[in-house]
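Notes follow the structure.
Residue indices begin at 1 and follow the sequence shown.
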Amino acid sequence: MLSRMALVDQWRAIEDGLPDDWQAARLRLTLNDRPRAERAAAMLGPANAGLYASFVTFQVVWGGGGTSPELARRLLARLDTERISGALTLVGADQAAAAGPARAGTRLELARQWELLLLELP
């Protein structure tokens with residue numbers, strides 16, 4: 001049997017365990033069966049979720065450019081409302097570049113974001 005802890009609570013626990021400078025978190029939702037996994041993947045569609053067997057994978061990104069932590073909470077709350085339970089696990093996390101955005105909610109200008117991305121290229 002998979003976890004009975006609400007998915008939104010599982011996400012909060014994962015988010016609390018991420019380093020302060022996290023940029024992206026890759027997540028896997030494991031469900032009991034394929035039909036539930038298909039329904040969960042459809043409901044997580046706005047997060048660009050992928051489906052394989054009874055696993056649903058998606059990514060949460062801090063600071064724009066993808067599924068925000070708040071959107072992830074809302075989507076997972078919808079699954080909780082439909083009583084779709086499963087085990088949410090962190091598959092991997094990326095840290096922000098050294099000059100990443102401040103956590104106070106400040107957004108970098110597009111040009112600055114581009115510069116930071118260029119720094120990561122070989």
Side-chain angles (χ1 to χ4, degrees):
M1 189 85 186
L2 295 176
S3 175
R4 293 210 184 261
M5 182 181 199
L7 293 172
V8 72
D9 292 334
Q10 291 179 54
W11 164 239
R12 284 188 182 119
I14 290 169
E15 187 178 20
D16 288 345
L18 290 170
D20 290 339
D21 62 345
W22 74 278
Q23 182 67 37
R26 291 174 301 285
L27 302 166
R28 176 184 297 145
L29 175 59
T30 305
L31 297 114
N32 285 328
D33 55 48
R34 177 69 183 207
R36 284 186 182 269
E38 289 173 355
R39 178 67 180 145
M43 293 180 71
L44 290 169
N48 198 24
L51 173 65
Y52 177 76
S54 59
F55 301 101
V56 179
T57 58
F58 63 101
Q59 180 170 281
V60 178
V61 179
W62 174 262
T67 303
S68 70
E70 181 56 33
L71 177 57
R73 272 189 284 283
R74 289 193 315 263
L75 294 172
L76 292 168
R78 289 179 187 167
L79 291 174
D80 289 336
T81 299
E82 286 205 15
R83 298 184 188 268
I84 297 175
S85 61
L88 187 65
T89 55
L90 178 67
V91 176
D94 299 328
Q95 292 180 303
R103 291 298 182 182
T106 307
R107 289 189 171 211
L108 290 176
E109 295 177 31
L110 186 56
R112 182 68 181 136
Q113 290 177 8
W114 178 250
E115 290 172 2
L116 291 173
L117 289 172
L118 289 176
L119 290 173
E120 295 177 12
L121 293 175

Where do Ala37 and Ser54 come nearest, in terms of heavy atoms and distance?
CB-CA, 3.7 Å
For a quick test of reading the model, state the closest non-hydrogen atom pair linking Trp11 to Pro69 and the distance between them.
NE1-O, 3.6 Å
Could you report the tightest heavy-atom contact between Pro46 and Leu75, atom names first, then the distance?
CG-CD2, 4.0 Å
Measure the shortest side-chain to side-chain distance between Arg26 and Thr57 over non-hydrogen atoms and say whether it is less than 4.5 angstrom.
no
side-chain contact (heavy atoms from CB on, under 4.5 Å) with Leu88: of Val8, Leu29, Asp9, only one passes, and it is Leu29
Does Arg36 reach the side chain of Arg39, with side-chain heavy atoms less than 4.5 Å apart?
no
Nearest non-hydrogen partners of Val60 and Leu27, listed with the distance:
CG2-CD1, 3.7 Å
Which pair of non-hydrogen atoms, one from Ala41 and one from Ala49, has the smallest distance, and what is that distance?
O-CB, 4.1 Å
Are Ile14 and Ile84 connected, step by step, through hydrophobic side chains (Ile, Leu, Val, Met, Phe, Trp, Tyr) whose heavy atoms are closer than 4.5 Å?
yes
With the threshold set at 4.0 Å, does a side-chain nitrogen-carboxylate oxygen contact exist between Glu82 and Arg78?
no
Salt-bridge present (Arg12, Glu15; N to O < 4.0 Å):
no
Applying side-chain contact (heavy atoms from CB on, under 4.5 Å) between Val56 and each of Thr30, Leu79, Leu31, report the one that passes.
Leu31
Would you say that Thr67 contacts Asn48 through its side chain, given a criterion of any heavy-atom pair below 4.5 Å between the two side chains?
no
Report whether Leu90 and Phe55 are members of the same hydrophobic cluster (ILVMFWY, side-chain heavy atoms less than 4.5 Å apart, transitive linking).
no
Which heavy-atom pair separates Trp62 from Trp22 by the least distance, and what is that distance?
CB-O, 3.8 Å
Hey, are Gln95 and Asp21 close enough side-chain-wise for a donor-acceptor pair under 3.5 Å?
yes
